[in-house]
2 protein chains.
Amino acid sequence: MSEKATPTPDAGRRSDRSRRAIYEAALALVSETGYAKLTIEAIAARAGVGKQTIYRWWPSKGDVVLEAFLDLAQRSAVSPEDDPGAAAFPDSGDLAADLKLVLQATVDELNEPAYADPARALSAEGILNPQLGARFLEHVLAPGLRLYGTRLTAARERGEIRPETDVAIATDLLVAPLTYRWLMGTGPLDHAYADALVDHVLTGLRGA
Amino acid sequence: MSEKATPTPDAGRRSDRSRRAIYEAALALVSETGYAKLTIEAIAARAGVGKQTIYRWWPSKGDVVLEAFLDLAQRSAVSPEDDPGAAAFPDSGDLAADLKLVLQATVDELNEPAYADPARALSAEGILNPQLGARFLEHVLAPGLRLYGTRLTAARERGEIRPETDVAIATDLLVAPLTYRWLMGTGPLDHAYADALVDHVLTGLRGA
């Protein structure tokens, strides 16, 4: 994802240990002190490495947190990017049930601090920093959006949804309201909201 | 909105001039150097005031930018808070037409750097800083969301939309996708998108 110095095989094991310690330190500090006060120096001290070790691998604290978050997501199979089978979109043939399952799981993630704290930090940093925002989009958001697209395209082909449906807009209607409530604090974010959202998106405001 | 020292009448005119110079400096610097690199010192230098003048009135750069943005919004009647008549939601009796008009105007705002640059900065800052996020929600987002709520409630009472419609969810379906594309860069943000979004929200994916 980013350009890293490739360590020699002998140095590789030490590097792996340092890298994991840096990831853990970065994620812990994002939750404990907040992203705004996070520094490379504090990550280095917590991880027990020199700060030059961090600067050698990552240009900024945002890049450290992004890689630490991707590693976390991969290990907890939140991200489909490296293990598409594990996180594929459910397809039971019942579109409403499948969407509610996925949106409820997303609500749970967004309410889980170990996931939500770095995800909020990266969302905010990406809004102000276009380079990091592009990497956040490519590696975190886009893989998930593609899974919605695949499931909704299949639903359209089977006649579960209107043939005129724009799959990108349908995806936005399902994903954006959760993200908006989560980032802007405009209302509660729970399973009941996820279910009602799916019902409103499928039926529409005018109704059948 | 925030607690300010109330100047004496004689000092008031000088204060008003300083305040306006600070607002203009803050907004110009957000666009020119970016919010991340913005400092109280730079705002003071640009505005021709001492930095203690700024610290006396605002606790942080985020608070300066928020007040400058609210002042901008009030002057350009973007915000309904201080002039509800000017920015009231259109009600022609044609819900789809009214929503498209408003969403197209929102798209134009979000594509206008003088509005979008401070709004992005405040969105990002509010994600990381709960106190500022709460003020951004109260003074920027909530007044606009209430206008949607009023228009959609009227539409529900007249039978333009289903009686079971949850007005808060309907509002999210119209507002959140624009915000999501704008902040996350997931797709183009233009009038065609606004129109297609309204059509999808009103008809639903399953269709009539």
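We name chains A, B, ... by the order of the sequence lines, and we start the count at 1 in each one.
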Y180(A) and Y180(B) aromatic centres sub-6.0 Å: no
Under 3.5 Å side-chain donor-acceptor pair for D108(B) and H191(B): yes
Short side-chain to backbone donor-acceptor contact, D98(A) and S92(A), under 3.5 Å: yes
Under 4.5 Å from any heavy atom of chain B - which part of R181(A): side chain
Structural part of E125(A) lying under 4.5 Å from a heavy atom of chain B: neither
Side chains of F69(B) and Y23(B) in contact at under 4.5 Å (non-hydrogen atoms): no
Region of L137(B) in contact with chain A, defined by heavy-atom distances below 4.5 Å: side chain
Residue part contacting chain A, namely of L145(B), when any heavy atom lies under 4.5 Å: side chain
Side chain, backbone, both or neither of L173(A) within contact of chain B (heavy atoms, under 4.5 Å): both
Under 4.5 Å from any heavy atom of chain B - which part of L174(A): neither
Chain B contact via A119(A) - side chain, backbone, both or neither, heavy atoms under 4.5 Å: neither
Among I169(B), L141(B), L197(B), L128(B), residue most engaged with chain A (heavy-atom pairs, under 4.5 Å): I169(B)
Heavy-atom closest pair, residues T179(A) and M184(B): CG2-CE, 4.5 Å
4.5 Å side-chain heavy-atom contact, P118(A) and Y35(A): no
